[in-house]
Amino acid sequence: MIRYSRQRIDEADIAAVVAVLQGDWLTTGPAVDAFEAALCELTGAAFAVAFANGTAALHGAAAAAGLGPGDVVATSPLSFVASANCARYVGATPTFVDIDPATLNLDVAAVPVGLDALVAVHYAGLPVDLARLAHRPRIVIEDAAHAIGALTPDGPVGNCAHSDLCCFSFHPVKPITTGEGGAVTTNDAELAARLRRFRNHGIVPTPEAGGWSYEVVDTGYNYRLTDLQAALGTSQLAKLEAFTIDRNRAAARYRELLADDPIVLPPLAGEGWRNAHHLFAVRVEDRRRIYEGLHAAGIGAQVHYVPIHHHPLMAPYGPFDLPQTDRAYEQLLSLPLYPGLTAADQDRVIDVLRSLW
Ligand SMILES: *Cc1c(COP(=O)(O)O)cnc(C)c1O
């Protein structure tokens, strides 16, 4: 099976994890500190806080931002459910801004006035143009689960040039992996302190009352990343640039070879932007037949995503009128794309696709 995405692990990654196993710390310790420092260096953000997964990172961002009951939090309906659930987790109300079909991202011109927060999803790895939001909510959170390695004219995604907090996922299908993992970057020291408390039970050490002493000052969780995972993350991060170049190379090859096929290719990144290309999401007619034909031939194409507002969980917040997302969902299909995908694999994907037109 050629999957739509997968991790790329080498001997250096394996050695990094084994070295942690031979040391004194297995869970959050020096390897997490090193991973967070590497994330700051890559993104240019002042602070990075590692989390157990990307969903926990989004939950942490919503909590640290002080969102709660009565707040309205919009996101893109063309995303994974976690992009909206982070609002629900803190008691806020999720809503949606329809996509711009030219970018497949939420339409920055359609962001309404009066939102408390926006969770901006960089779909497939193409950054949302946050400098051009029609109305800037009190809080802007980036869901950059697809987009570590992406660039904007204002620098790397994760530098929070136009946001308060930026969340990453390190699930194995994402641009780099820690098995399960996530992180939040920010330039605000108070937000960073809240994120650290949130991932560790709301605990604040109080050494003045004794070396053992601590206080629990707000609701927190055990959302810590382990040192085992963080060591893998730092090792992976060293290869992110090569991975991103490889994903973009494979994407360019699909574009060239599929230029004359009956297919809508993914949006191109503009001058000064770089797509991290977590996904290569094309639009096809008769998507179900194409999906099933590819799977029957061992090609694990995928659909990103069942729109969030289609899930029964979201019914109490609707109804929603999101025609661009509904239309795109009928046609979207993610073709296999990952670092190390060979030209022969790509040719096979294209041959099977052509047999299905
Ligand atoms: C993967 C993903 C998440 C959740 O990340 P996990 O690490 O799987 O919890 C959130 N948002 C988007 C857009 C994602 O693709």
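Just so it is clear, the structure is predicted and the values come from calculations on it, not from any experiment. Remember, it's 1-based here, ligands and their atoms both numbered in the order they're listed.
- When only modelled atom types and interatomic distance are considered, Tyr317 and Arg88 share a side-chain donor-acceptor pair under 3.5 Å.
- Contact annotation: Phe168 has no heavy atom less than 4.0 Å from any atom of ligand 1.
- Close to ligand 1: Gly181, with a non-hydrogen atom less than 4.0 angstrom away.
- Short contacts between ligand 1 and Ser79, defined as distances under 4.0 Å to a heavy atom of the residue, involve ligand atoms 13 (C).
- Protein heavy atom closest to atom 11 (N) of ligand 1, with residue, atom name and distance, is Asp143 OD2, 2.7 Å.
- Nearest protein neighbour of atom 9 (O) of ligand 1, counting heavy atoms only, is Thr55 OG1, 2.6 Å.
- Contact annotation for Tyr123 and ligand 1: no heavy atom of the residue comes within less than 4.0 Å of the ligand.
- Inspection of the Thr206 and Ser213 side chains reveals an N or O donor paired with an N or O acceptor under 3.5 Å.
- Ring geometry for His278 versus His146: interplanar angle of 30 to 60°, hence tilted.
- Residues His304 and Tyr4 bring their aromatic ring centres within 6.0 Å.
- Below 4.0 Å from some heavy atom of Tyr305 lie the following atoms of ligand 1, by number and element: 15 (O).
- Residue Leu58 places no N or O, backbone or side chain, under 3.5 Å from any N or O of ligand 1.
- A donor and an acceptor atom, one from each side chain of His59 and Asn85, are nowhere located under 3.5 Å apart.
- The heavy atom nearest to atom 3 (C) of ligand 1, out of those in His278, His171, His304, Lys174, is found in Lys174.
- Asp326 and His309 share a donor-acceptor pair across their side chains, judged by distance under 3.5 Å alone.
- Side chains of Gln229 and Thr226: a donor on one and an acceptor on the other come within 3.5 Å.
- Note on ligand 1: Gly182 sits outside its first shell, no heavy atom being nearer than 4.0 Å.
- Residue, atom and distance of the protein heavy atom nearest to atom 8 (O) of ligand 1 are Ser169 OG, 4.0 Å.
- The shortest contact between atom 15 (O) of ligand 1 and any protein heavy atom is with His146 NE2, 2.8 Å.
- Looking only at atom types and distance, the side chain of Ser163 has a donor-acceptor partner in the side chain of Glu142 under 3.5 Å away.
- Atom numbering of ligand 1 starts at 1 in the shown order; those under 4.0 Å from a heavy atom of Gly54 are 5 (O), 6 (P), 7 (O), 9 (O).
- Taking any N or O of Glu180, backbone or side chain, none lies under 3.5 Å from an N or O belonging to ligand 1.
- Taking the six-membered ring for Trp and the full ring otherwise, Phe35 and Phe170 have centroids separated by under 6.0 Å.
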